[in-house]
> 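Please find one structure pasted underneath; my questions will follow.
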Protein chains: 4
Amino acid sequence: MSQESDIAIDAAAPPADGSSQGGGPYTEAPVPSGQRAPSQDRGQRRVDSILDAAAALFAEQGVDAVSVNAIAQRAGSSVGSLYHFFPNKDAIVEALAARYCREMVDLNIALLRPEMVTAPLDAVLSGVVEGFMHYHTSNPAYDEVYQAALRTSGGHQSPVFQQVQQSIRATVDEYLSRRMPTMPSEERGYYAMTSVAAVHWLIAEATLRDPIERPGRMRHLKEMLVRYFEPAEREYGVVRVPAVS
Amino acid sequence: MSQESDIAIDAAAPPADGSSQGGGPYTEAPVPSGQRAPSQDRGQRRVDSILDAAAALFAEQGVDAVSVNAIAQRAGSSVGSLYHFFPNKDAIVEALAARYCREMVDLNIALLRPEMVTAPLDAVLSGVVEGFMHYHTSNPAYDEVYQAALRTSGGHQSPVFQQVQQSIRATVDEYLSRRMPTMPSEERGYYAMTSVAAVHWLIAEATLRDPIERPGRMRHLKEMLVRYFEPAEREYGVVRVPAVS
Amino acid sequence: MSQESDIAIDAAAPPADGSSQGGGPYTEAPVPSGQRAPSQDRGQRRVDSILDAAAALFAEQGVDAVSVNAIAQRAGSSVGSLYHFFPNKDAIVEALAARYCREMVDLNIALLRPEMVTAPLDAVLSGVVEGFMHYHTSNPAYDEVYQAALRTSGGHQSPVFQQVQQSIRATVDEYLSRRMPTMPSEERGYYAMTSVAAVHWLIAEATLRDPIERPGRMRHLKEMLVRYFEPAEREYGVVRVPAVS
Amino acid sequence: MSQESDIAIDAAAPPADGSSQGGGPYTEAPVPSGQRAPSQDRGQRRVDSILDAAAALFAEQGVDAVSVNAIAQRAGSSVGSLYHFFPNKDAIVEALAARYCREMVDLNIALLRPEMVTAPLDAVLSGVVEGFMHYHTSNPAYDEVYQAALRTSGGHQSPVFQQVQQSIRATVDEYLSRRMPTMPSEERGYYAMTSVAAVHWLIAEATLRDPIERPGRMRHLKEMLVRYFEPAEREYGVVRVPAVS
DNA sequence: CATGAATGAGTGTTCATTCAT
DNA sequence: AATGAATGAACACTCATTCAT
């Protein structure tokens, strides 16, 4: 787990073209040319089953406590086969992280889609909180992987989550720039990172605690966010017409 | 604003008096007779140096990546000696967690001491944020240990942090009950856990990121908390006279 | 006298056919399909070489003094490989015990085969003593393993040797029931366990002592056994016709 | 346990003179000169309590499984104190062995005292079997220590039990020489070692097995010994008058 | 591509022994 | 003498990774 993976994962940013050139065997870029499709499909299925197995085990036992053999076994595969797709254990964690990142980015884009610019603040934030809450509960390994990626990268800049943070922040930033065009850029950046962090971590914590508290926690999280943004909306004003994407 | 946090930080520092010279190593049983004080001091010093070494290594590499031998070596000790004081590696993590918990609780109590009940909201929250920020930067292993304790305990209820959560929440809850006596108890509970979680996690994240962002992040965290509590203060009112402890 | 023991000894040698090629390592599950025979042969060879190495070292140094690494090294293997076949050190001891037990039972059956029912007492006992003596000298670790198994099992009922004791006693018991059909069952049981114990332990001790004494010791062991059984033969009579198996 | 003890224990052979010179602190030679008696008594008491503790733990867990610390603790002492009396763990085992040897020899001498020369064979053997049986059940660690001593000494000649074997065999041999003066010396030696071994091991085994079988086993052991010696008595005759010691 | 036996450095832990107090 | 903290070599065992089949 400690050595650097020698494969750069570029999944958080959607590939510019549809060709699969340059991607490792574990990217999900669609295959336009038919010649190697079946083999790649089979490979993709294997990769997915390995990642699913890894996610399940990570959620149960934590990343460091799960052995590569255990992942292979749970995936109905063998170690050797697994090492055909991933150069080392870290790469599995990173690939999983990349998958989560992609999904997170997609989720974010979906929740903050252009027509939401004119939606009432509480509706937008409620959607965001519910959406991420749902994602977290559906992907219980998310936080384990997130933490592991932070740890692996020496604590500062995970090669994967770095991108997702950037990406999500950029999405939020852009959304805010459309909703409150007069807000200064730097200020907007802090609004983005503060709200993103609040949503991320309070939801992550809520999923660990007594589920009975969860609705109350979510209500207060929404409320906190609404109150956080309200003064900004009063100060900078909100657009009336949705921006044209 | 910040002079108050300085006061608070002093309270969080390990007390100079003998309050932590427990009976056996790693227990806190009171010392019945004074005869064995020197040996116990030596033991306590050893225990402390082990915990310090562990904390330093945990912060650098993460809990799971640090070997017991490495801790002993860094502590200027030997494995065998280490195992005199701790039955296994987990016990080291737990002891460190316990130390952090104690300090966290103390810090919290100091920051929310009775005379702060009538202080302006932003002063109180600023002190809290600065105080915890300072604690986090001074104890970079805090979060590693916290996470490890969560993982070890199967994710749900760490035997140590469970207490600190309880304790901190109770302290905040009590503070709020004095500041806004008419706020319903259940609501108060959610205010407490939401604000505690926000402070904890946003500060933890801020320490991992680019330090240049930190002041902006802290400013927004304070602002978010102020805005979160302001409506409650307007609704339930704030006492004018500090409660008698 | 001794030509019979030679016959018996051949029976105790590990069978040349595939009777011991069990399914998994160290289990004896039958092999459902033949497809994986080569790999299983390799595994069986490894298992055997590990057990041989263990036996040699146990005989030299005693079970507790031999490290798992030493066994692996002597077997020309590695620890990891060893742990592929045995879950822990005890399992090696037990597997060796099981091998010894199987061979002991086979030897016993061969020595007391049905046609020996009408053989002269001294011929039978001479064959038994010579046979077991030969087995002990060929397997110098036998007693170390036997003792270790007794120790491991808390002293009372080793899961492996328990069976061999039962089995050997039953074989002797059945032989006696055919040779002296009128002897009461309970009495027969004591004759069986006493003679089995005498053979076992006196031979075990003889192999530890000065080899020069050994022939004399064996002569006296046989004599003691003959004299032990003679009165019983006079009292209960001996059959004239061998039983049909 | 594996290095050679550098202290020779000479306890099996009664000291030629009563002075304690040359004995380690853990011999039991009586102290004639009064000057150091109290200190030596205290030391002797400590030594005894250590040996008692060791014996108890050895019987429970086996020699190799018992740590020196455990012995010290059970003896109400400390490791350091223990190491004042014994140079290493092996020395404890050997000292215990020496104690057992002395007692065994004494027991043997008592059971085969001169006036037993004319006693009926079955009475003598019954006494011997009962006596040793009683000794074994009263000293459950005996066999553990015996085996450990055999192992330690490379399997062939334990520095302690070697002597006791010699001594016991000599006692029996001498008894036989008085009971059957015309028996050839070499033959007598084999009678002695065979009967001693039979008594030793069959009783040792009987104490491990189901206690309900024990009376039957003892009855058959006596019977086997009686039948073993009877022909010799018929051949060589038995003296009528007890020898004068 | 697939397999899983093989590897061996590395881990947590124990324990006989020493030595400052 | 007595204590028990300190030591560190050694142990049983794990697991990421390789490679012959």
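Each chain gets a letter, A, B and so on, in the order the sequences are listed, and its residues count up from 1.
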> More 5' along DNA chain F: B:S78 or C:A65, using each one's nearest nucleotide?
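Upstream on the strand: B:S78.
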
> Can you measure B:L82 atom CG to E:dC15 atom P for me and round it to whole angstrom units?
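Spelled out: CG on B:L82 to P on E:dC15 is 17 Å.
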
> Roughly, in whole Å, what's the span from OH in D:Y83 to C1' in F:dA5?
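Going from D:Y83 (OH) to F:dA5 (C1'), I get 15 Å.
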
> What integer distance in Å separates D:Q73:CD from F:dG4:C1'?
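Atom-to-atom, D:Q73 to F:dG4, this comes out as 11 Å.
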
> Flag yes if more than 12 heavy atoms outside B:Q61 fall under 6.0 Å of its CD atom; otherwise flag no.
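Buried by this count: over 12 neighbours within 6.0 Å.
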
> Distance check needed: F:dT14 C1' versus A:D64 CG, whole Å only.
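These atoms are roughly 14 Å apart.
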
> So, is C:S77 near the phosphate of E:dT7, with a side-chain N or O under 4.0 Å from OP1 or OP2?
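Looking at the OP1 and OP2 atoms of E:dT7, one of them is under 4.0 Å from a side-chain N or O of C:S77.
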
> Which whole-number value in Å describes the distance from B:L57 CG to E:dG12 P?
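Rounded to whole Å, this separation is 12 Å.
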
> Has B:R45 got a side-chain N or O lying under 4.0 Å from the OP1 or OP2 atom of F:dA6?
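For B:R45, the contact criterion (side-chain N or O under 4.0 Å from OP1 or OP2 of F:dA6) is not met.
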
> To the side chain of C:S67, which of E:dG12, F:dC11, E:dA5 is closest?
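My answer, after comparing the listed nucleotides, is F:dC11.
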
> OH/B:Y83 to OG/B:S78 distance, rounded to the nearest 0.5 angstrom?
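Answer rounded to 0.5 Å: 11.5 Å.
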
> Under a 3.5 Å cut-off for both contacts, is E:dG12 paired Watson-Crick or G-U wobble with anything, and if yes, with which nucleotide?
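Across any shown strand, E:dG12 pairs with F:dC11.
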
> I need the B:D52 CG to B:L96 CG distance, nearest 0.5 Å.
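Spacing of CG (B:D52) from CG (B:L96) equals 8.5 Å.
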
> Heavy atoms from C-beta onward define the side chain here; which of E:dG12, E:dT17, F:dA5 lies closest to that of B:K89?
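Side chain of B:K89 sits closest to E:dG12.
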
> Within this structure, what is the CD1-to-P distance between C:I50 and F:dC13, rounded to whole angstrom?
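That distance rounds to 14 Å.
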
> Which nucleotide sits closest to the side chain of A:H84: E:dC1, F:dA6, E:dT7?
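Given the options E:dC1, F:dA6, E:dT7, the side chain of A:H84 is closest to E:dC1.
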
> Grab the CG-C1' distance between A:N88 and F:dT18 for me, whole Å please.
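Those two atoms, CG and C1', are 13 Å apart.
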
> Would you mind classifying the nucleic acid contact of C:V68 as base, sugar-phosphate or nothing, using non-hydrogen atoms under 4.0 angstrom?
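Since only primed, P, OP1 and OP2 atoms lie under 4.0 Å of C:V68, the category is sugar-phosphate.
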
> Step by step, would you call D:Q44 with D:D48 a side chain to side chain donor-acceptor pair (under 3.5 Å)?
CA-CA 6 Å; D:Q44 190 55 46; D:D48 285 342; 3.2 Å; yes

> Quickly work out the C:D48 CG to E:dA5 P distance and round it to whole Å.
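Atom CG in C:D48 sits about 16 Å away from atom P in E:dA5.
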
> List the steps, then state whether salt bridge (Lys or Arg N to Asp or Glu O under 4.0 Å) holds for D:D64 with D:R151.
CA-CA 11 Å; D:D64 284 333; D:R151 254 176 282 143; 3.0 Å; yes

> On DNA chain E, nearest-nucleotide positions of B:V66 versus C:G80: which is more 5'?
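Its nearest nucleotide lies further toward 5', so the answer is C:G80.
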
> Taking the minimum atom-to-atom distance to the side chain of B:S81, which one of F:dA6, E:dT3, E:dT7 wins?
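Per side-chain heavy atoms of B:S81, the pick is F:dA6.
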
> Among F:dT14, E:dT3, E:dA6, which is the nearest nucleotide to the side chain of A:R46?
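Nearest to the side chain of A:R46 among the choices is E:dT3.
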
> Using Watson-Crick or G-U wobble geometry with both distances under 3.5 Å, which nucleotide pairs with E:dA20?
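E:dA20 is paired, partner F:dT3.
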
> Looking at the side chain of A:F85, which of F:dA6, E:dA2, F:dA2 is the nearest nucleotide?
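The closest nucleotide is E:dA2.
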
> Determine, stepwise, if the pair A:R99 / A:E94 fulfils salt bridge (Lys or Arg N to Asp or Glu O under 4.0 Å).
CA-CA 8 Å; A:R99 192 164 95 173; A:E94 283 183 30; over 6 Å; no

